[in-house]
Participant: 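Just passing along the structure, written as structure tokens.
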Amino acid sequence: MIEKHLMEQFERLRPNEEHEQKIFRQIIEKSTIESRRSFSWRHLRPAMLVAAVMIFVLTTTAYAGSYLGLDVKWLGFLNPSNNEQGLYLDHGAYVVNKQTANNNGIVEVKQIIGDSHLIYILMDFTAPEGIALNAQRYRFETSLSQRTPGSSSSSYGYTLLEDDNPNDNKISLVMSCLQKDNKLMGQDVILTVSNLEEADVYPDQYETLIPGSWTVQFKMDYTNMSTTYPVNKAVSLYGYEGSLSSLSISPIAITIKVTSAHVKEISAAASQSFREIGPNEYSDHYPVTIKYKDGTSETTAVFNGMSIGDLLDDTITVVKTFTPIINNKKIESIVFFDEEIDL
């Protein structure tokens with residue numbers, strides 16, 4: 001009776017074919033076998049055998065299933081260091097799976113991951129047959145707007161993801177949207193991308209490869225992965241006084257907001273310190289030092305992200321992006337100019 005009951009439970013827990021395929025792919029890509037031991041199943045009693053198989057299926061499903069909602073392309077781009085970070089990303093991802101097509105190609109918006117000031121949109125583009133998308137860099141002209149009246153300050157960029165077949169007519173891109181204010185989260189938006197451009201390794205210039213325009217409407221219903229800390233401490237930037245009003249931290253970005261009556265002067269001084277230090281790499285004119293609980297630290301040297309000085313409301317917003325992602329759960333403090341913020 002026990003064996004029959006266990007078998008019935010096992011059948012109810014068995015994943016369907018699609019689920020099994022996903023589990024298998026995830027296990028292959030994310031798991032490693034740490035030890036191999038010779039083991040004979042012949043000496044196990046039937047009930048123990050069924051129970052052991054159930055434990056194996058449940059454990060395997062729990063591990064691989066932790067990424068079932070997360071497109072595996074995120075893993076190569078964001079490069080989580082462990083399963084816990086991958087699970088955290090999975091909980092924050094929002095599945096869109098909407099596409100639009102015309103004679104010049106197909107754009108499909110796959111998933112969204114974001115925090116209070118940075119949004120990543122994973123998308124695929126398929127060109128007409130016979131067009132090989134094998135350049136080193138791609139981008140679109142981009143417009144992202146709310147369906148309801150409103151405005152936001154944003155900047156956009158594109159990252160080409162690794163491709164198993166770089167000579168076919170399909171590419172995967174991550175579009176980054178950096179925003180001064182968190183106005184897009186939860187909103188119905190209209191994304192229009194136009195004129196696919198390509199370029200080889202920098203400093204090669206972009207040229208239009210495929211003309212046309214593609215529009216997709218969807219909801220920015222992702223989970224905000226950031227934690228915001230009110231700070232309100234005095235800080236000196238380039239010799240000018242200000243107040244560090246807030247700090248937001250997520251695995252993908254750190255956002256710092258400063259209020260000051262000297263936004264114009266600070267921005268000008270920061271621009272003067274902004275210099276090229278490598279091919280398409282520029283020094284960080286608003287550096288931060290991340291101190292971890294284990295005693296290690298890292299200081300940003302290359303600027304990745306966005307900085308906006310707003311003269312109307314006397315604020316400077318600095319968004320610093322991180323790939324690979326950072327382990328925000330292990331940060332002890334953040335140093336910004338002459339101020340250290342304990343978390």
Side-chain angles (χ1 to χ4, degrees), residues 22 26 30 61-98 108-124 144-148 150 152-157 159 161 172-191 216-230 246-257 290 304-306 317-331 334 343:
K22 273 193 172 183
Q26 304 282 3
K30 288 297 293 179
T61 303
Y63 181 85
S66 66
Y67 293 111
L68 285 179
L70 191 71
D71 194 300
V72 295
K73 295 172 185 174
W74 287 121
L75 303 181
F77 174 64
L78 297 173
N79 195 21
S81 61
N82 53 48
N83 190 55
E84 181 183 2
Q85 279 193 310
L87 184 60
Y88 191 60
L89 293 173
D90 180 56
H91 289 165
Y94 176 62
V95 178
V96 179
N97 286 341
K98 287 191 175 183
E108 182 175 7
V109 176
K110 305 283 286 184
Q111 294 187 357
I112 305 170
I113 285 177
D115 68 4
S116 58
H117 293 82
L118 171 62
I119 302 170
Y120 284 134
I121 300 176
L122 176 64
M123 63 175 67
D124 290 342
L144 182 62
S145 60
Q146 301 171 230
R147 294 186 63 183
T148 56
S152 62
S153 299
S154 303
S155 65
Y156 310 107
T159 301
L161 302 185
S172 293
L173 300 166
V174 171
M175 171 189 153
S176 60
C177 172
L178 291 154
Q179 44 179 349
K180 176 180 177 290
D181 299 301
N182 186 16
K183 293 184 177 180
L184 294 178
M185 189 175 70
Q187 299 296 314
D188 292 315
V189 298
I190 302 172
L191 172 64
V216 185
Q217 298 184 23
F218 54 92
K219 193 176 185 68
M220 283 285 192
D221 212 10
Y222 63 92
T223 299
N224 180 0
M225 294 190 295
S226 60
T227 300
T228 299
Y229 303 87
S246 67
L247 173 70
S248 298
I249 301 177
S250 78
I252 60 176
I254 291 177
T255 299
I256 297 169
K257 284 187 174 291
I290 305 172
N304 291 301
M306 174 186 73
T317 302
V318 181
V319 184
K320 314 183 82 61
T321 64
F322 295 89
T323 51
I325 59 176
I326 56 176
N327 194 335
N328 58 313
K329 302 299 183 182
K330 296 186 178 181
I331 296 176
I334 298 291
L343 304 184

Participant: Tell me, please, which residues at least two apart from Ser250 pass side chain to side chain donor-acceptor pair (under 3.5 Å).
Facilitator: Asp115
Participant: What is the ring orientation for Phe77 with Tyr120, classed by angle as parallel under 30°, tilted 30 to 60°, or perpendicular over 60°?
Facilitator: perpendicular
Participant: Sequence neighbours excluded, which residues qualify as side chain to side chain contact (heavy atoms under 4.5 Å, CB included) partners of Asp188?
Facilitator: Arg147, Lys219
Participant: Any donor and acceptor pair, going by atom type alone, linking the side chain of Tyr88 with main-chain N or O of Met225 inside 3.5 Å?
Facilitator: yes
Participant: Can you find a heavy atom in the side chain of Thr323 that is under 4.5 Å from one in the side chain of Thr159?
Facilitator: no
Participant: Whether the side chain of Gln85 engages the backbone of Ile326 through a donor-acceptor N/O pair (distance < 3.5 Å, no angle test) should be reported.
Facilitator: yes
Participant: Could you check whether any side-chain N or O of Thr255 sits under 3.5 Å from a backbone N or O of His117, counting only pairs where one atom can act as donor and the other as acceptor?
Facilitator: no
Participant: With distance as the sole test, does Asn304 use its side chain to make a donor-acceptor pair with the main-chain N or O of Thr321 at under 3.5 Å?
Facilitator: no
Participant: State, to 0.1 Å, how close Ser172 and Asp124 come at their nearest heavy-atom pair, and which atoms those are.
Facilitator: OG-OD1, 2.6 Å
Participant: Has Gln111 got a side-chain atom pairing as donor or acceptor with Asp71's backbone, closer than 3.5 angstrom?
Facilitator: yes
Participant: Looking at Ala253 and Phe322, what are the two nearest heavy atoms and their distance?
Facilitator: CA-CD1, 4.0 Å
Participant: Could you tell me which non-hydrogen atom of Asn79 sits nearest to which non-hydrogen atom of Pro324, and how far apart they are?
Facilitator: ND2-CG, 3.7 Å
